[in-house]
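As structure tokens, the structure follows; a few thoughts come after it.
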Amino acid sequence: MATLKLRANRATRQHDALGASTSMELLGDFYPAQDIVVTRLDQIRSAVTQYGERVAADRPQESFMIMISVPRGQRRPAGFEAAYRDGSLGTEAWLHEIFKSPLLVSGDYGVRMWGGPNTPFQFAECTPVWPADTPDEFTSLAAGQIGFYGWLHATNARVQQLSQSTHTLLDVASVAELRAAYAARRHPLSVAQGALHALSQDLAA
């Protein structure tokens, strides 16, 4: 049995031509630390998730990373070091991944952040897209996946723009297709163009 300490620090990960680097604010008092008593890795994952959810609720829309410290003399659960290094303990689940120089897209913004379950989608030069306070047509479809929710909104906006508001995203694409497109990091404009083209082909057939 070991007593470990969880501490959330503001942090972001930036991707550029040289690779990825994480910057973290180590000084300051972002959020109170928490001690946990564990014997197994699954207990650490569960504690990290609960702690991270509490931090996210109290510090909404912040990008942060959870550090785990092991006081001197405490035994680490088997496999702890490897799991901590590879992020499988969930310590990076609320970390914003930012592309400093997004790929240019003809006629649209590049994607600055693709987001994830707990982090938002964002175009370059635009604000991140967070779930609305009031549920909308994409809330249940996103199933709590914040990045997917924002991507759906961005893609829907482009479908409406290209079709002059005669269609919405859910008129022209299936849920399975949208989930696959987001997982493949397809740009919203490309998805909108492809869906509308397929629809026109079907109508012409």
Side-chain angles (χ1 to χ4, degrees), residues 4-15 20-26 28-34 36 38 41-69 80 82-100 102 109-124 126-157 169 175 178-188 191:
L4 311 181
K5 185 180 291 291
L6 306 181
R7 181 180 297 279
N9 290 23
R10 283 192 183 90
T12 57
R13 177 166 296 145
Q14 301 205 29
H15 298 262
S21 60
T22 302
S23 59
M24 184 180 302
E25 181 182 288
L26 295 176
D29 187 20
F30 173 60
Y31 200 82
Q34 176 184 324
I36 59 172
V38 296
L41 290 182
D42 63 313
Q43 294 174 325
I44 299 177
R45 292 189 193 97
S46 178
V48 166
T49 297
Q50 293 174 18
Y51 178 67
E53 289 175 346
R54 190 163 61 253
V55 175
D58 292 343
R59 302 287 187 274
Q61 302 186 10
E62 290 274 9
S63 175
F64 63 89
M65 188 172 179
I66 298 172
M67 308 300 294
I68 306 175
S69 57
F80 170 78
Y84 189 21
R85 282 196 304 271
D86 66 22
S88 61
L89 295 178
T91 54
E92 301 176 2
W94 293 267
L95 183 68
H96 292 192
E97 302 260 357
I98 299 169
F99 289 84
K100 295 182 67 175
Y109 300 105
V111 176
R112 184 172 186 263
M113 290 197 296
W114 287 96
N118 304 308
T119 55
F121 176 87
Q122 182 185 18
F123 281 121
C126 300
T127 58
V129 182
W130 294 91
D133 294 334
T134 303
D136 56 33
E137 68 269 35
F138 299 118
T139 303
S140 60
L141 178 58
Q145 303 285 309
I146 293 175
F148 185 39
Y149 174 90
W151 181 90
L152 288 169
H153 267 271
T155 308
N156 181 60
L169 177 61
V175 174
L178 295 172
R179 291 191 183 282
Y182 177 68
R185 291 190 169 184
R186 289 186 59 198
H187 192 281
V191 174

Partners meeting side chain to side chain contact (heavy atoms under 4.5 Å, CB included) with Pro128 (sequence neighbours left out) | Met113, Pro120, Gln122, Trp130
In Å, rounded to the nearest 0.5 Å, how long is the span from CG of Leu4 to CZ of Phe80?
-> 6.0 Å
Can you find a heavy atom in the side chain of Arg59 that is under 4.5 Å from one in the side chain of Tyr31?
-> yes
Donor on one side chain, acceptor on other, Gln50 and Ser46, under 3.5 Å | yes
Working to the nearest 0.5 Å, report the span between CD1 of Ile66 and CH2 of Trp94.
-> 5.0 Å
Between Asp136 and Thr139, the two heavy atoms sitting closest are N-OG1, 2.8 Å
State whether the side chain of Ser63 and the backbone N or O of Ala11 hold a donor-acceptor pair below 3.5 Å, judged by distance alone.
-> yes
Knowing that exactly one of Arg185, Arg13, Arg112 qualifies, which makes a salt bridge (charged side-chain N to carboxylate O under 4.0 Å, His left out) with Glu97?
-> Arg13
Parallel, tilted or perpendicular: rings of Phe123 and His187 (30°, 60°) = tilted
Between Pro188 and Phe121 the two heavy atoms that sit nearest each other are CG-CZ, 3.8 Å
How long is the gap from OG1 on Thr155 to CG on Leu178, to the nearest 0.5 Å?
-> 7.0 Å
Heavy-atom closest pair (Phe99 atom, Val111 atom, distance to 0.1 Å) is CB-O, 4.0 Å
From Met67 atom CE to Lys5 atom NZ, the distance as rounded to the nearest 0.5 Å | 13.5 Å
Of the non-hydrogen atoms in Arg186 and Val191, which two are nearest, and what is the gap between them?
-> CB-CG2, 3.7 Å
Nearest heavy-atom contact between Cys126 and Tyr109 is SG-CE1, 3.7 Å
Give a yes or no on whether the backbone of Leu152 and the side-chain of Tyr182 come within a donor-acceptor separation of less than 3.5 Å.
-> no
Could you check Thr119 against Leu95 for side-chain contact (heavy atoms from CB on, under 4.5 Å), going step by step and ending with a plain yes or no?
-> CA-CA 7 Å; Thr119 55; Leu95 183 68; 5.9 Å; no
For Ala132, does its backbone N or O pair with a side-chain atom of Tyr149 as donor and acceptor, under 3.5 Å?
-> yes
Taking the side chain as C-beta and beyond, is there a heavy-atom pair between Leu41 and Leu89 under 4.5 Å?
-> yes
In Å, rounded to the nearest 0.5 Å, how long is the span from NE2 of His96 to OG1 of Thr12?
-> 9.0 Å
Considering non-hydrogen atoms only, spot the tightest contact between Leu169 and Phe138 and give its length.
-> CD2-CE2, 4.2 Å
Side chain to side chain contact (heavy atoms under 4.5 Å, CB included) partners for Ala93, two or more places apart | Asn118
Measure the spacing between OG1 of Thr49 and CD1 of Ile44 and express it to the nearest 0.5 Å.
-> 11.5 Å
